[in-house]
Structures are given as structure tokens and as C-alpha cells.
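Working notes for the structure below.
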2 protein chains.
Amino acid sequence: MGTPAEARWLTSEETRSWLALTAVMIKLPYALDTQLQRDSGLNHFEYQVLAGLSERPGRSMRMSDLAVLANGSLSRLSHVVGRLEKRGWVRRAPDPDDGRFTLALLTDAGWDKVVETAPGHVAAVRKYVFDALTPEQIRQLAEIGAQVIQAIDPGDHCLEFQRGTDAHN
Amino acid sequence: MGTPAEARWLTSEETRSWLALTAVMIKLPYALDTQLQRDSGLNHFEYQVLAGLSERPGRSMRMSDLAVLANGSLSRLSHVVGRLEKRGWVRRAPDPDDGRFTLALLTDAGWDKVVETAPGHVAAVRKYVFDALTPEQIRQLAEIGAQVIQAIDPGDHCLEFQRGTDAHN
DNA sequence: TTCGGACGGTTGACGCTTCAAGTAATTGCG
DNA sequence: CGCAATTACTTGAAGCGTCAACCGTCCGAA
């Protein structure tokens with residue numbers, strides 16, 4: 001039995017940390033998707049798209065920027081926006097400045113959808129994450145997350161998207 | 001534009017933390033899957049299944065226990081084990097003690113696959129997570145993760161699976 | 001001992017994501 | 001100017017996960 005021979009395995013502290021992290025990576029997205037799906041018929045990615053647009057001046061964004069903001073591929077975004085368009089929450093228009101870009105626009109119905117969906121989603125985020133942590137841990141989490149993202153993708157700037165300039169309070 | 005009115009939005013510290021966490025939830029699984037897929041033709045879940053079995057006495061486990069260990073549904077596991085069986089790395093047998101249970105058994109070929117795959121995977125985990133963090137942060141992460149999992153699913157015991165009793169060093 | 005319910009697992013259909021190949025608009029180089 | 005390369009996006013097919021319905025095994029009560 002035992003374990004395959006390996007160069008440098010994990011210490012028990014690292015293993016503990018790793019098990020917790022993998023469990024969070026699986027369970028948290030699932031929990032959030034479940035709440036959103038049940039209460040609004042949206043998955044987390046779709047919500048991020050609508051919420052992202054809602055917080056921009058003009059309620060619009062280029063597809064490629066929106067993809068970065070939502071941490072998804074352009075292809076995925078294209079499919080999703082297609083669905084959201086069919087449901088009347090988003091529409092597309094070519095960017096007047098450069099015909100290669102496509103602008104995604106949040107419709108009035110889409111705005112209403114965000115307004116109706118956001119409180120429940122924020123409550124879930126609170127319940128599953130922030131209410132379970134101390135302010136100190138929240139600070140630590142931000143730091144840890146930033147460093148991991150840096151290690152995965154040094155060129156990534158998604159954390160600099162501070163979601164518009166409006167103050168949430 | 002501004003933001004839809006909400007009961008209790010996130011503080012800026014919480015938002016920072018939240019953006020980092022969502023990015024990690026998306027990017028880390030993707031990064032790990034990419035490495036595994038490229039080097040071994042396995043995804044992370046499949047690897048967890050094989051690795052989980054490899055660390056058990058008898059290289060076998062009941063399907064339902066294996067599903068908990070791998071943080072997945074029984075249905076998902078059934079599909080995956082079906083695929084792994086077709087590739088010759090796992091086989092199934094009814095539990096002699098109780099015919100309702102099914103045992104998943106790691107074959108010799110499956111064992112070899114784990115031995116050949118594990119070092120690269122562990123190296124990726126190191127690269128993306130532990131090498132980017134201080135020992136103190138690793139400890140903090142374990143704590144934070146455990147509390148979030150507790151908040152999501154109070155009845156969950158997946159962290160108590162300490163992956164067999166063998167010491168990895 | 002037999003029948004009902006609970007438990008463990010499997011299956012197939014559907015939906016979503018990815019991947020690769022494609023189109024359309026623009027830039028840059030000769 | 002004209003054509004190739006680049007950029008931004010779209011599309012269709014294939015693979016994976018979820019959900020709901022299903023089957024087989026076991027236990028317990030009458």
C-alpha cells in the first residue's frame with residue numbers, strides 16, 4: 001500500500017490546507033449557483049455578467065472586457081450573452097469606435113433583474129463567507145487570494161477591476 | 001448609473017476579498033485541470049478518484065465514500081468510474097459484506113498511472129499555491145477554508161478524511 | 001416469511017463549457 | 001493602394017455534470 005514515491009510531497013499542514021481549499025473550490029461555487037438558480041434562474045456566471053454591466057457607465061461593456069471581468073473565455077461569454085439576449089436582459093451592438101468590438105448593453109429589463117437578484121446573492125455571499133470569518137481573516141483572504149492569482153497568471157489584472165467607482169455601503 | 005439599492009452590501013475590504021476569492025475559485029481549478037489534462041489526460045476529479053483509491057488499504061473504497069472524499073455526487077462518480085474502468089485503471093465489484101455497496105478497485109495499471117501522474121500534479125499545487133504563500137498564510141488558509149465549509153454545509157465531514165494514515169514526507 | 005421502505009448505485013436526457021474552426025473588421029507593410 | 005496578418009467575436013460539435021427516474025439489495029415489522 002503506502003504512497004507512490006514522490007519528489008516533494010506536502011507536509012501535513014499543507015495537506016490540511018489543501019483539503020480545505022479543494023473543498024471550498026468545489027462547494028462554494030455550487031452553493032452560490034444553487035441559490036441563484038433557485039431564486040432567479042441564473043447561474044453565477046450569468047449573474048456576474050449582468051451585475052458587471054449594471055455597474056458600468058452606460059450599462060455597457062465590450063465583450064472582451066466583460067469576459068475578463070467575469071473570469072471567463074470569450075467563447076463562453078458569447079454563448080451566455082446569446083442566452084441572456086434571448087431572455088431580453090442584454091442586447092448587442094457593434095462598437096462605433098471600432099467595428100471589431102461588440103458592446104454588450106444591459107436592457108431595462110436586465111437592470112430590473114439585477115436589482116431583484118442582487119440582495120439575495122449578496123446575502124448568500126455573506127452567509128457562506130464573510131459572516132463565517134473575522135475581519136482579520138477577511139484581510140488575510142484577500143492577500144492569500146491575490147498571491148495565488150499572481151502565481152497562476154502573472155499577467156492577470158482582473159483584481160484591478162474595482163467594479164466601477166461607485167461606493168457600496 | 002450607480003448601483004441597485006441593497007440591504008447590506010459589501011465593504012470595500014470585503015469586496016477586495018470577494019474578487020480575489022471568485023478569481024481563485026475559477027482560475028485555480030482551471031490551471032490544475034490544464035496541467036493534468038496536458039500531462040496525463042486526466043481531469044482533477046478523475047485524479048482525485050485514482051489518488052484516493054491509491055492511498056487506501058486494498059486500493060479500494062466504496063463508491064459512496066469515494067464520492068464524499070472527492071467532493072462529488074454519486075452520479076458523477078458513477079459516470080467517471082465508468083470512464084476510468086473503460087481505460088483499464090479501475091474496476092468495480094460488489095461489496096461482499098453488503099450487496100448494496102459497490103467497491104471501486106484500483107488496478108495495477110491504475111496504480112502505475114497515479115505513480116506517473118502524482119509528481120507533476122503535486123508540483124503544480126506547490127507552484128500555484130504553497131510556494132506563493134508563507135507558512136503562516138498556509139495555516140490561515142486552512143482555518144479560513146474550514147470555517148467556510150462549515151458555513152456552507154455544517155454536516156460535512158470531508159476534511160476529516162485525512163487520506164489514509166500514511167505519512168507523506 | 002413476506003412485504004414495504006430505505007439505501008446505494010446506475011442510467012439517459014438535457015444544459016453548459018470548451019475547443020477548434022470559422023467570419024468580419026481593422027491595421028500595417030510593401 | 002492592396003493584401004496579409006491581427007484582433008474580436010461567433011459558431012457547432014463533443015465532452016462532462018446534473019437531475020430525475022430507475023433498479024437491485026438489504027433490513028425490519030407484522
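Residue numbers begin at 1 in each chain, while the letters A, B, ... track the order of the sequences.
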Problem set entry | B:Asp108 side chain near B:Arg59 side chain, heavy-atom distance below 4.5 Å | yes
Problem set entry | Distance, rounded to the nearest Å, where A:Met63 contributes CE and C:dA24 contributes P | 17 Å
Seminar exercise, completed: Rounded to whole Å, the CG-C1' distance (B:Leu77 to C:dG8) equals 12 Å
Problem set entry | Residues in salt bridge (Lys or Arg N to Asp or Glu O under 4.0 Å) contact with A:Asp98, at least two apart in sequence or another chain | A:Arg100
For this session: Would you mind classifying the nucleic acid contact of A:Thr102 as base, sugar-phosphate or nothing, using non-hydrogen atoms under 4.0 angstrom?
Result: sugar-phosphate
For this session: Name all residues meeting the side chain to side chain donor-acceptor pair (under 3.5 Å) criterion together with A:Arg87; count only those two or more places apart in sequence or in a different chain, and write none if there are none.
Result: none
Problem set entry | Nearest-angstrom distance from the residue atom CZ of A:Phe101 to C1' of D:dT7 | 8 Å
For this session: List for me each residue that meets side-chain contact (heavy atoms from CB on, under 4.5 Å) alongside B:Val24, sequence neighbours excluded, and say none if there are none.
Result: A:Val148, A:Ile149, B:Leu28
Problem set entry | Of all pairs that satisfy ring pair (Phe, Tyr, Trp, His ring centres under 6.0 Å), the ones with a partner from residues 54-108 of chain B, not counting sequence neighbours | none
Seminar exercise, completed: Residues pairing under ring pair (Phe, Tyr, Trp, His ring centres under 6.0 Å) where one sits in residues 118-151 of chain B, two or more places apart or in two chains, turn out to be B:His44-B:His121, B:Tyr47-B:His121
Exercise. Which whole-number value in Å describes the distance from A:Leu84 CG to C:dC16 P?
Worked result: 10 Å
For this session: Could you list the residues that satisfy side-chain contact (heavy atoms from CB on, under 4.5 Å) with A:Thr134, not counting sequence neighbours?
Result: A:Glu136, A:Gln137
Exercise. Which angle, rounded to 10°, do you find between the first-five-pair axis and the last-five-pair axis of the helix from C:dT1-D:dA30 to C:dG30-D:dC1?
Worked result: 10°
Seminar exercise, completed: Residues at least two apart in sequence or cross-chain that pass side-chain contact (heavy atoms from CB on, under 4.5 Å) with A:Leu105, listed by chain then number, are A:Ser60, A:Arg91, A:Ala93, A:Leu103
Exercise. Whole-Å distance between C:dT18 C1' and B:Asp33 CG?
Worked result: 12 Å
Problem set entry | Reading 5' to 3' through nucleotides 14-27 of chain D, protein heavy-atom contacts under 4.0 Å coded B for base, S for sugar-phosphate only, - for none | --SSBB----BBS-
